[in-house]
A.B. asks: 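Below is a structure I'd like to ask you about.
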Amino acid sequence: MTLLDFLPSLHRAATPRIDPAIWPSTTTVDELGRLCIGDVPLTDIADEFRTPAYVLDETDFRHRIRGYHSALKNVEIMYAAKALLTTDVARWASEEGAGLDVSSSGELAIALAADVDPARIVLHGNAKPTDELHYATSIGVGRIVVDSCMEIAYLACEVRKPQRVLIRVTPDIDIHGHAAVTTGVNDQKFGFTLADGHAADAAKRILHQPLLDLVGLHCHIGSQVTDPTLYGESIRRLIAAMADIRARHGVILHELNIGGGHGVPYVSSDPELNLAELGEIIEDSLDWACAAERFPRPRVVVEPGRAISARAGVTLYRVASVKSQPGGRTFVAVDGGMSDNPRVALYDAKYTVALANRHELGPTQIVTVAGRHCESGDEIARDVELPADVHPGDLLAVACTGAYQHSMASNYNMVTRPPIIAVRHGRTRELVRRETTADLLARDLGASRIAVGGHH
Ligand SMILES: Cc1ncc(COP(=O)(O)O)c(C=O)c1O
């Protein structure tokens with residue numbers, strides 16, 4: 001029996017506010033007030049693997065893909081590897097029936113190392129290097145999403161056997177989101193515009209190449225999209241474009257890839273894309289557009305990244321110092337920052353933070369959780385409520401950090417990158433080890449010259 005068993009009201013007060021819309025689906029709080037994910041107390045992970053550390057809930061990740069399969073019945077799911085990729089993550093995705101969207105030779109190599117079927121991989125990129133195209137075609141990648149006329153020319157020289165390709169088009173749809181992730185409008189670097197017949201011209205160039213097999217169109221309108229009707233509009237515009245290509249060139253394209261960008265909540269008041277509504281809108285707009293154009297129903301593909309991996313991830317930090325600036329804010333500084341989470345500096349992203357090692361009893365205060373890097377903009381979260389007695393040594397958990405954190409991490413200030421620790425059914429597994437200073441020195445060739453021959 002603990003004190004909390006005698007005092008249920010104390011238990012309520014002691015339970016951190018864990019919003020299930022934001023934290024991994026297996027998150028619980030044990031009787032000591034410790035946050036647990038996958039039945040593993042986060043304090044155990046911090047003790048064993050040190051901090052900062054990325055924790056990944058395998059159950060949550062798999063559960064998100066299953067959610068896609070049940071909400072989007074006739075739609076193929078390609079997990080967008082740019083959100084988070086390790087060989088284990090690639091394997092989980094393919095075991096759950098998802099293909100993989102990759103955007104570099106590195107992502108492709110990891111997918112292949114995980115034994116993902118190359119036929120179920122789509123390669124993206126607005127400036128794919130020629131050696132990347134060579135690698136992708138030689139291993140038989142399932143689809144290449146063509147992004148420029150130059151790429152069509154490169155591919156035509158490169159391929160030795162038939163290669164399926166899609167054309168990336170911009171449907172001129174504005175998601176009214178952050179400029180860095182608004183990719184569906186005409187004035188940005190990706191794809192061919194539907195306007196002025198650019199996409200139809202790209203189709204003509206591809207159709208002239210006997211080994212390039214044009215199977216469909218692709219678009220990606222942006223990230224953090226929460227209005228499903230924008231995808232319905234994309235479908236209508238792309239089916240019209242397919243009908244135009246049929247009229248001009250006499251070919252029927254069978255594949256319609258509407259990209260990813262499905263929005264997830266980072267803080268409790270954030271909206272999220274409702275998958276059931278998305279499923280209905282995809283069906284309705286396909287019915288409508290195909291009937292209007294008398295066009296056969298294509299195979300529909302989606303490429304969610306964030307919506308699969310973001311909520312599976314939590315980042316652990318140790319509090320290093322607490323400082324109240326006179327007339328200013330209180331800063332709780334931690335042992336990581338913009339090198340493991342660049343999204344705050346890049347997109348002004350908001351995050352949810354909780355104390356992970358003990359009960360949040362007593363009065364609270366509003367603080368800024370700051371990183372350890374040499375910039376005043378190096379913040380993890382502003383205006384978060386933490387106990388007034390938060391102190392060095394406390395463990396903080398930041399929710400919804402499974403997407404675009406590890407994959408965008410850097411070595412700013414020569415800080416080494418954190419490990420990724422997977423949790424499931426009470427067990428931990430280290431997917432990616434912590435980077436070491438020796439790793440940094442190994443890439444610095446001057447350092448090895450000094451070690452061998454001294455200074456020159
Ligand atoms: C072509 C393409 N597909 C899919 C995605 C995944 O986006 P999200 O992780 O927001 O779902 C991106 C993201 O940049 C992308 O560029």
Side-chain angles (χ1 to χ4, degrees), residues 61 64-65 67-68 71-72 75-85 89-90 93 98-104 107-108 111 120-128 132 136 141-148 151 165-171 173 175-185 188-192 216-228 230-231 234 238 255-266 270-275 278 282 300-313 342-343 346-347 349 400-408:
F61 183 96
R64 301 287 168 193
I65 300 184
Y68 267 93
L72 311 186
V75 173
E76 189 174 343
I77 315 298
M78 307 293 273
Y79 168 62
K82 54 182 76 68
L84 173 69
L85 187 66
V89 166
L100 229 60
D101 138 8
V102 300
S103 43
S104 71
E107 288 180 0
L108 183 53
R120 298 217 57 210
I121 300 177
V122 180
L123 176 67
H124 285 282
N126 68 305
K128 303 174 191 77
E132 196 164 288
V141 75
R143 308 274 186 278
I144 294 179
V145 181
V146 170
D147 203 283
S148 69
E151 189 183 342
V165 299
L166 301 163
I167 299 173
R168 175 147 177 179
V169 305
T170 42
I173 291 175
I175 62 164
H176 299 290
H178 194 288
V181 294
T182 298
T183 50
V185 295
Q188 48 75 52
K189 67 176 183 170
F190 293 103
F192 297 89
L217 298 184
H218 174 283
C219 72
H220 173 75
I221 55 175
S223 291
Q224 282 292 69
V225 177
T226 52
D227 175 1
L230 296 175
Y231 292 101
S234 303
L238 265 62
E255 199 165 304
L256 178 48
N257 185 325
I258 55 170
H262 306 164
V264 305
Y266 282 81
D270 280 350
E272 93 176 81
L273 184 75
N274 182 310
L275 287 189
L278 177 66
I282 288 176
V300 175
V301 182
V302 293
E303 298 174 333
R306 185 192 317 267
I308 291 174
S309 67
R311 285 159 290 190
R343 293 192 63 261
L346 280 174
Y347 314 121
C400 210
T401 56
Y404 305 105
Q405 314 273 152
H406 172 260
S407 62
M408 294 179 104

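Whatever order the structure lists them in is the order used to number ligands and atoms, beginning at 1. What you are looking at is a predicted structure, and each value in this text was computed from that prediction instead of being measured.
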A.B. asks: What orientation do His262 and Tyr68 show, parallel under 30°, tilted 30 to 60°, or perpendicular over 60°?
C.D. replies: parallel
A.B. asks: On a heavy-atom basis, I'd like to know which of Ser103, Ala80, Gly261 is closest to atom 7 (O) of ligand 1.
C.D. replies: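 Among Ser103, Ala80, Gly261, the closest heavy atom to atom 7 (O) of ligand 1 belongs to Gly261.
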A.B. asks: Answer yes or no: does an N/O atom from Gly305 fall short of 3.5 Å to an N/O atom of ligand 1?
C.D. replies: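 Yes; the residue has a nitrogen or oxygen that sits under 3.5 Å from a nitrogen or oxygen of the ligand.
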A.B. asks: Pick whichever of Gln224, Glu303, Lys82, His124 has a heavy atom sitting closest to atom 15 (C) of ligand 1.
C.D. replies: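 The nearest heavy atom belongs to Lys82.
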A.B. asks: Can you name the atoms of ligand 1, numbered from 1 with element, that are less than 4.0 Å from a heavy atom of Arg168?
C.D. replies: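 Taking each heavy atom of Arg168 in turn, ligand 1 has 1 (C) under 4.0 Å.
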A.B. asks: Going by the order shown, which atoms of ligand 1 are within less than 4.0 Å of some heavy atom of Ser223?
C.D. replies: 10 (O)
A.B. asks: Applying side-chain contact (heavy atoms from CB on, under 4.5 Å), name anything that partners Pro342, two or more places apart in sequence or on another chain.
C.D. replies: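 side-chain contact (heavy atoms from CB on, under 4.5 Å) check on Pro342 returns Leu346, Met408.
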A.B. asks: Identify, by atom number and element, the atoms of ligand 1 in contact range of Pro304, meaning under 4.0 Å from any of its heavy atoms.
C.D. replies: 11 (O)
A.B. asks: With heavy atoms of His262 as the reference, note each atom of ligand 1 found under 4.0 Å away.
C.D. replies: 11 (O)
A.B. asks: Are Val169 and Cys219 close enough that some pair of their side-chain heavy atoms sits under 4.5 Å apart?
C.D. replies: yes
A.B. asks: State plainly whether the residues Glu151 and Lys128 are in salt-bridge range, i.e. N to O under 4.0 Å.
C.D. replies: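 Looking at Lys128 together with Glu151, the answer is yes, because their closest N to O distance falls below 4.0 Å.
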A.B. asks: Indicate, with yes or no, if the rings of Tyr79 and Phe61 have centres closer together than 6.0 Å.
C.D. replies: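 Aromatic pair counts; centres sit under 6.0 Å.
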A.B. asks: Heavy atoms only, cut-off 4.0 Å: how does Asp101 contact ligand 1, side chain, backbone, both, or neither?
C.D. replies: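 Within the 4.0 Å criterion, Asp101 contacts ligand 1 through side-chain atoms alone.
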A.B. asks: Looking at Lys189 and Asp147, is there a salt bridge between them, counting it only when a charged N and a carboxylate O are closer than 4.0 Å?
C.D. replies: no
A.B. asks: Between ligand 1 and Arg306, is the shortest N or O to N or O distance under 3.5 Å?
C.D. replies: yes
A.B. asks: Could you check if a side-chain atom of Lys82 sits within less than 4.5 angstrom of a side-chain atom of Val102, using non-hydrogen atoms only?
C.D. replies: no
A.B. asks: Run the contact test for Met78 against ligand 1 with a 4.0 Å cut-off on heavy atoms, strictly below, and give the result.
C.D. replies: no
A.B. asks: Under 3.5 Å between any N/O of Tyr404 and any N/O of ligand 1: does that happen in this structure?
C.D. replies: yes
A.B. asks: Any salt bridge linking Glu272 with Arg311? Criterion: basic side-chain nitrogen under 4.0 Å from a carboxylate oxygen.
C.D. replies: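 So Glu272 pairs with Arg311 through a salt bridge.
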